[in-house]
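For the numbers below, each heavy atom of this structure counts, side chains included, while hydrogens, waters and symmetry mates do not.
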Amino acid sequence: MTFSMELRGFAKSTQKTYLAHMMRFYSFCGKPPASVGYDEVRAFLHHAISTRKLSNGNLLPVS
């Protein structure tokens with residue numbers, strides 16, 4: 001993931017932030033990244049909104 005972000009020119013601070021979010025996600029799921037699916041993503045987003053009080057705008061992409 002870091003390699004891809006470096007190729008895209010992401011700032012080091014952005015890389016650090018994104019990696020921290022990914023670590024939170026994988027810790028929440030409690031399983032290897034390759035086995036995480038749609039349901040785990042939805043559960044994590046619900047957790048972030050309901051428990052961590054993050055807004056939808058911070059979590060969901062703009063269409």
Reported CG-to-CZ distance for the pair Leu45 and Arg42, which is rounded to 0.5 angstrom: 8.5 Å
Pairs flagged by side-chain hydrogen bond (donor to acceptor under 3.5 Å, both in side chains) wherever residues 23-32 is involved - sequence neighbours left out: His21-Arg24, Lys31-Glu40
CA sep, side-chain torsions, deciding dist, call: Val36, Phe25, side-chain contact (heavy atoms from CB on, under 4.5 Å): CA-CA 10 Å; Val36 172; Phe25 173 65; 3.2 Å; yes
More than 12 heavy atoms from other groups under 6.0 Å of CE on Met23: no
By side-chain contact (heavy atoms from CB on, under 4.5 Å) - contacts of His47 (at least two apart): Phe28, Thr51, Arg52
Listed once per pair and sorted, the side-chain hydrogen bond (donor to acceptor under 3.5 Å, both in side chains) pairs that draw on residues 7-18, sequence neighbours left out: Glu6-Lys12
Other cluster members, Leu7 - Ile/Leu/Val/Met/Phe/Trp/Tyr, side-chain contacts below 4.5 Å: Phe3
